[in-house]
Structures are given as structure tokens and as C-alpha cells.
Amino acid sequence: MIDKKQTIETHAKHGTDTGSTAVQIALLTERINNLSVHLTANKKDKHGQRGLQLLNGQRRRLLKYLERTSYDEYIALTDQLKIRRGQRIVR
């Protein structure tokens with residue numbers, strides 16, 4: 001089960017931060033991990049597989065945005081959440 005409040009508190013930049021890019025990526029990552037566990041047990045759940053693909057795409061777009069705007073935060077967040085990333089851009 002996803003504990004949204006704890007995830008938001010962990011990744012928030014300040015007290016009332018609930019929608020920053022880092023928080024959104026962390027919440028999506030928890031949903032993706034939860035759905036992946038479900039799909040390993042229920043291999044024929046095609047609607048769940050499509051939902052997982054949509055969540056992955058949304059997280060990928062947010063990660064691309066974060067990489068473009070704040071590269072150091074992108075590196076820290078992907079390391080913290082253990083998200084694989086492509087080749088690092090030399091800056």
C-alpha cells in the first residue's frame with residue numbers, strides 16, 4: 001500500500017510542498033513499484049499492464065523535465081529512488 005503522506009514529507013522542499021516535480025516523481029515511483037508487484041502475480045491483467053506503461057511514460061516525461069531544469073536534483077532523486085537513467089550528460 002502506498003503511504004502518500006510519508007512520501008510527500010520525505011521529498012517536499014518545504015512544509016506545504018505537495019506538487020513539486022520531485023514529489024510527483026516519488027509518488028509515481030511508488031505507484032509503479034506497487035503495480036509491478038501486482039502484475040508479477042497477475043500476468044494476464046492487460047489493463048494493469050497498460051496502466052503501468054502510462055505511469056512509466058508520465059514519470060519519464062517528468063524526469064526529462066527535471067533533468068533539463070535542475071540536473072543536480074535529477075541525479076540526487078534518481079539515486080535516492082533507485083531509478084535507472086540513460087547516459088549522463090556531461091555538463
Are any side-chain N or O atoms of S20 and backbone N or O atoms of D17, one a donor and one an acceptor, separated by less than 3.5 Å? no

Sequence neighbours excluded, which residues qualify as side-chain hydrogen bond (donor to acceptor under 3.5 Å, both in side chains) partners of D45? H38

Return a table of donor-acceptor pairs under 3.5 angstrom between the side chains of residues 49-64 and protein atoms on other chains or two or more places apart.
{"unit_1": "Q49", "atom_1": "NE2", "unit_2": "K43", "atom_2": "O", "d": "3.1"}
{"unit_1": "R59", "atom_1": "NH1", "unit_2": "T29", "atom_2": "OG1", "d": "3.2"}

Can you sort out the partners of N33 under side-chain hydrogen bond (donor to acceptor under 3.5 Å, both in side chains), two or more places apart, ordered by chain and number? none

Co-membership, hydrophobic cluster, residues Y71 and L77, 4.5 Å side-chain: yes

Lys/Arg-Asp/Glu bridge criterion (N-O < 4.0 Å) met for K13, E73: yes

Honestly curious: do I75 and I25 fall in one hydrophobic cluster under the side-chain, below-4.5 Å linking rule? yes

Residues in side-chain hydrogen bond (donor to acceptor under 3.5 Å, both in side chains) contact with T7, at least two apart in sequence or another chain: E30

Yes or no on side chain to side chain contact (heavy atoms under 4.5 Å, CB included) for E67 and T78, after CA distance, side-chain angles and deciding distance? CA-CA 10 Å; E67 181 183 17; T78 52; over 6 Å; no

Quick check for you: to the nearest 0.5 Å, what is the distance between S36 atom OG and R31 atom CZ? 12.0 Å

Measure across Y74 and R85 and return the closest heavy-atom pair with its distance rounded to 0.1 Å. OH-CB, 3.1 Å

Which residues share a side-chain hydrogen bond (donor to acceptor under 3.5 Å, both in side chains) with H47, sequence neighbours left out: none

Under 4.5 Å side-chain linkage, directly or through intermediates, the cluster mates of L27: I8, V23

Could you grab the distance from atom NE2 of H11 to atom OG1 of T18, nearest 0.5 Å is fine? 14.0 Å

